[in-house]
Amino acid sequence: MKNFSCSICGLKLDKDIHSFPPFVANLKDPLYKYGDTSFHSNCLENNEGKKAIELSERSLFHIKPVNRICKIDGNLITDPDDYLFIPLLTSNENEELYKFNFLTFSKKNIKKWPNGNKFIEVADDFIKEGKWLDTSEFKFLNHLIQEVSIGNDSNYGDRSN
């Protein structure tokens, strides 16, 4: 927990607390402030708080090893080196990138993904439009684009540096 007081009301966290995992990779997303932080449960009763709870729970569901089901072939992915997960990229349902949230693939099947090139295009545009800001020096969305590009014979190129 990075705060000992609620980030909404500022009062000490003592009981009836909701803690979030680090579930948002984009510093520009309005829900980023909820990641890896705790709040009083009653402070989360607004629409944004409810949405943060819903999306963090979806994220936790999808990353559990028993739920790592490839979107292409429907099989459970047991090899961690063969696992590609597209987490919450945007919480804005009006963004085209939103439909690509919470997708799981076996890396060996990624070339069969019919929407792979569309993902690359939409994600690249999201970056170019200034809607993405990484949380560290690692270029996470660029890395995802690169992973999908490799499997889809795209000419995206290495933009991870």
Side-chain angles (χ1 to χ4, degrees), residues 1-71 76-107 110 113 119-120 122-150 158-161:
M1 177 169 26
K2 64 181 172 184
N3 292 323
F4 295 102
S5 61
C6 177
S7 293
I8 294 175
C9 72
L11 298 176
K12 182 180 176 188
L13 291 169
D14 51 6
K15 58 184 176 180
D16 198 21
I17 298 168
H18 187 93
S19 296
F20 289 90
F23 71 104
V24 182
N26 181 4
L27 280 169
K28 289 192 172 186
D29 194 286
L31 299 188
Y32 178 79
K33 65 186 172 197
Y34 294 94
D36 202 23
T37 306
S38 297
F39 302 86
H40 294 113
S41 295
N42 63 342
C43 289
L44 297 169
E45 292 178 357
N46 60 36
N47 287 339
E48 186 180 76
K50 289 176 183 176
K51 186 173 190 173
I53 291 169
E54 175 206 339
L55 292 174
S56 70
E57 288 175 353
R58 284 181 64 194
S59 179
L60 287 172
F61 173 84
H62 285 285
I63 62 172
K64 289 180 182 178
V66 296
N67 296 326
R68 293 179 181 173
I69 307 296
C70 178
K71 180 160 178 59
L76 180 67
I77 303 163
T78 56
D79 179 358
D81 293 329
D82 185 38
Y83 170 66
L84 178 65
F85 178 60
I86 299 178
L88 177 70
L89 300 175
T90 179
S91 63
N92 183 344
E93 294 146 2
N94 297 317
E95 289 288 350
E96 195 172 4
L97 191 62
Y98 185 85
K99 67 183 175 187
F100 297 107
N101 287 338
F102 308 119
L103 298 178
T104 303
F105 299 97
S106 164
K107 287 183 181 180
I110 198 72
W113 185 25
F119 167 77
I120 294 165
V122 170
D124 192 41
D125 287 346
F126 200 77
I127 293 168
K128 287 176 182 173
E129 292 167 7
K131 296 177 182 177
W132 183 271
L133 183 60
D134 288 290
T135 60
S136 70
E137 290 181 19
F138 179 70
K139 303 294 185 196
F140 180 72
L141 187 52
N142 296 79
H143 172 75
L144 284 176
I145 294 169
Q146 187 67 28
E147 287 285 326
V148 174
S149 297
I150 291 167
D158 184 6
R159 299 184 185 185
S160 58
N161 295 326

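As the structure is a prediction and not an experimental result, all values here were calculated from the model.
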_Between F102 and F61 (judged by ring centroids, cut-off 6.0 Å), do the two rings come close enough to count as a pair?_
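Ring centres of F61 and F102 not closer than 6.0 Å.
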
*Looking at F39 versus Y34, is the centre-to-centre ring distance below 6.0 Å?*
yes

Qualifying residues under salt bridge (Lys or Arg N to Asp or Glu O under 4.0 Å), relative to [X], sequence neighbours excluded:
| X | answer |
| --- | --- |
| K51 | E93 |
| D134 | none |
| K131 | E95, E129 |

*Can you sort out the partners of I63 under side chain to side chain contact (heavy atoms under 4.5 Å, CB included), two or more places apart, ordered by chain and number?*
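Only L60, Y83, F85 meet the side chain to side chain contact (heavy atoms under 4.5 Å, CB included) criterion with I63.
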
[Y] side chain reached by [X] side chain, heavy atoms, under 4.5 Å:
| X | Y | result |
| --- | --- | --- |
| L11 | C6 | no |
| F140 | T135 | no |
| T90 | W132 | no |
| I69 | T104 | no |

*Return the orientation label for the H143 and F138 ring planes: parallel under 30°, perpendicular over 60°, tilted otherwise.*
tilted

_Parallel, tilted or perpendicular: rings of F119 and F100 (30°, 60°)_ =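 Taking F119 first and then F100, their aromatic rings stand perpendicular (interplane angle over 60°).
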
*Taking only residues at least two apart or on different chains, which pairs with a member in residues 52-63 satisfy side-chain hydrogen bond (donor to acceptor under 3.5 Å, both in side chains)?*
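Output for this query is empty, none listed.
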
_Pairing residues for N94 by the side-chain hydrogen bond (donor to acceptor under 3.5 Å, both in side chains) criterion, not counting sequence neighbours_ =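 For N94, no residue satisfies side-chain hydrogen bond (donor to acceptor under 3.5 Å, both in side chains) once neighbours in sequence are set aside.
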
